[in-house]
Amino acid sequence: MKLTKVSTALLIAGMVVSFAASAKVTVFAAASMTDALQQIAEQYKSEKASNEVVFSFASSSTLAKQIEEGAPADLFISASNKWMKYLSDKNLTVKETEKVLAGNELVLIAPAKSAANSVDIAKGEWIKGLKDSYLSVGDPAHVPAGQYAEESLTKLNLWDQVKDKLARAKDVRGALALVERAEAPYGIVYSTDAKVSKDVKAVGVFPKDSYKPVEYPVAILKDHDNADTRDFLNYLESSAAKKIFVEYGFSVK
């Protein structure tokens, strides 16, 4: 059956509307950004109802390896420059889009009901509080938060005292969960992780000169540079998004 010009036009218009309604941006992001990014995406969708943003949150190293193996991500947000460089060196990013999105800091946490309230991390007295238990951290073998922790504790000459007493989590939220359940007396996470949990408290801040600055680089991934991805990346840098990042405790420029 032949279509009239009007019906053909309506069909094409319907296809365009259908395509626009299904527009989706897939973001692979560091676990520590879970809450902030989800809120930013909700706000973004309320302003641009046609665009949907979906996330995969995990350790930056895990996500980088998945991307390397061909996982269909549009944007990558890492908790360390190391893993962004890893993908960039393999020509898996759109290099011109690589930039630092936000910053963070490392803190020592304890269960909310713990008797510990204020700890001088550098003095190391808090390590005695581990007793026969463990220090909860993201696995330093591959989790950025754990790597920052190892770097700091090494510079503070405390690493040898704790390296055999680590509960190694698959990502920083895993390290947080162990302390939330009071299964570990102390843990090392980002300040933003401590802020979103009612079951832990930050009892000490790691000296900033004891580890490299915690930065979250972002980039569009190779073969995924399109209008929708660019639009969400631009939104992440908007004043509206920056306000949310700050509310969750991240630093922005």
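Being a predicted model, the structure only gives us computed values, none of them experimental.
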So, for [X] and [Y], which heavy atoms are closest and what is the spacing to 0.1 Å?
X      : Y      : answer
Leu178 : Ala167 : CD2-CB, 3.4 Å
Pro185 : Ser133 : CD-OG, 3.1 Å
Thr93  : Ser88  : OG1-CA, 3.6 Å
Gly124 : Leu158 : CA-CD2, 3.9 Å
Ala184 : Ser136 : CB-CB, 4.0 Å

Does the side chain of [Y] come within less than 4.5 Å of [X]'s, by heavy atoms?
X      : Y      : value
Leu153 : Ile188 : yes
Leu37  : Phe245 : yes
Leu236 : Ile40  : yes
Val137 : Pro140 : yes
Ser80  : Tyr148 : yes
Glu105 : Val214 : no
Pro144 : Ser59  : yes
Leu75  : Thr26  : no

Should [X] and [Y] be counted in the same cluster of Ile, Leu, Val, Met, Phe, Trp and Tyr side chains packed under 4.5 Å apart?
X      : Y      : answer
Met33  : Val100 : no
Val143 : Tyr86  : no
Leu101 : Phe28  : no
Leu135 : Leu176 : yes

Is it true that a side-chain atom of [X] and a backbone atom of [Y] form a donor plus acceptor pair closer than 3.5 Å?
X      : Y      : result
Lys201 : Ala116 : yes
Ser152 : Ala149 : no
Lys165 : Lys131 : yes
Ser61  : His142 : yes
Lys242 : Lys253 : yes
Thr154 : Glu150 : yes
Thr97  : Val94  : yes

Which value, rounded to the nearest 0.5 Å, describes the distance between [X] atom [atom1] and [Y] atom [atom2]?
X      : Y      : atom1 : atom2 : result
Asp35  : Ile244 : CG    : CD1   : 11.5 Å
Phe232 : Lys45  : CZ    : NZ    : 12.0 Å
Lys65  : Thr62  : NZ    : OG1   : 8.0 Å
Leu233 : Thr229 : CG    : OG1   : 9.0 Å
Thr192 : Glu247 : OG1   : CD    : 13.5 Å
Lys195 : Ile109 : NZ    : CD1   : 15.5 Å

Salt bridge (Lys or Arg N to Asp or Glu O under 4.0 Å) filter on Lys128, not counting sequence neighbours, yields Glu125

Those residues at least two apart in sequence (or on a different chain) that pass salt bridge (Lys or Arg N to Asp or Glu O under 4.0 Å) with Asp89 are Lys85

_Regarding Arg173 and Asp193, does a basic nitrogen lie under 4.0 Å from an acidic carboxylate oxygen?_
yes

- Presence of salt bridge, Glu237 and Lys99, under 4.0 angstrom: yes

By side chain to side chain contact (heavy atoms under 4.5 Å, CB included), Ile121 pairs with (sequence neighbours left out) Leu108, Val119, Trp126, Leu156, Phe206

query: For residues Tyr134 and Glu183, is any side-chain donor paired with an opposing acceptor at under 3.5 Å?
result: no

Salt bridge (charged side-chain N to carboxylate O under 4.0 Å, His left out) between Lys90 and Glu69: does it pass, once the steps are laid out? CA-CA 12 Å; Lys90 293 179 180 295; Glu69 292 170 3; over 6 Å; no

Paired with Val27, the side-chain contact (heavy atoms from CB on, under 4.5 Å) test is passed by just one of Val54, Ile77, Leu63, namely Ile77

Sorted by chain and number, sequence neighbours left out, ring-ring contact (aromatic ring centres under 6.0 Å, His included) with Phe76 holds for none

Residue set satisfying ring-ring contact (aromatic ring centres under 6.0 Å, His included) with Tyr235, at least two apart, ordered chain then number -> Tyr44

Donor-acceptor contacts, no H, no angles, side chain residues 215-224, under 3.5 Å, sequence neighbours left out:
| from | atom 1 | to | atom 2 | distance (Å) |
| --- | --- | --- | --- | --- |
| Glu215 | OE1 | Asn81 | ND2 | 2.8 |
| Tyr216 | OH | Ser32 | OG | 2.8 |
| Tyr216 | OH | Asn104 | ND2 | 3.1 |
| His224 | ND1 | Ala73 | O | 3.4 |
| His224 | ND1 | Asp74 | OD1 | 2.7 |
| His224 | NE2 | Ala73 | O | 3.4 |

Exercise for the section: Establish, yes or no, whether a centroid distance under 6.0 Å links the rings of Phe57 and Phe55. Expected result: yes

Can you confirm whether [X] is buried at [atom1], in the sense that more than 12 heavy atoms of other residues, nucleotides or ligands lie under 6.0 Å from that atom?
X      : atom1 : value
Lys170 : NZ    : no
Tyr211 : OH    : yes
Lys212 : NZ    : no

Note to self: As a quick check of understanding, evaluate side-chain contact (heavy atoms from CB on, under 4.5 Å) for Val25 and Glu52, giving each step before the final call.
What the structure shows: CA-CA 6 Å; Val25 177; Glu52 179 186 1; over 6 Å; no

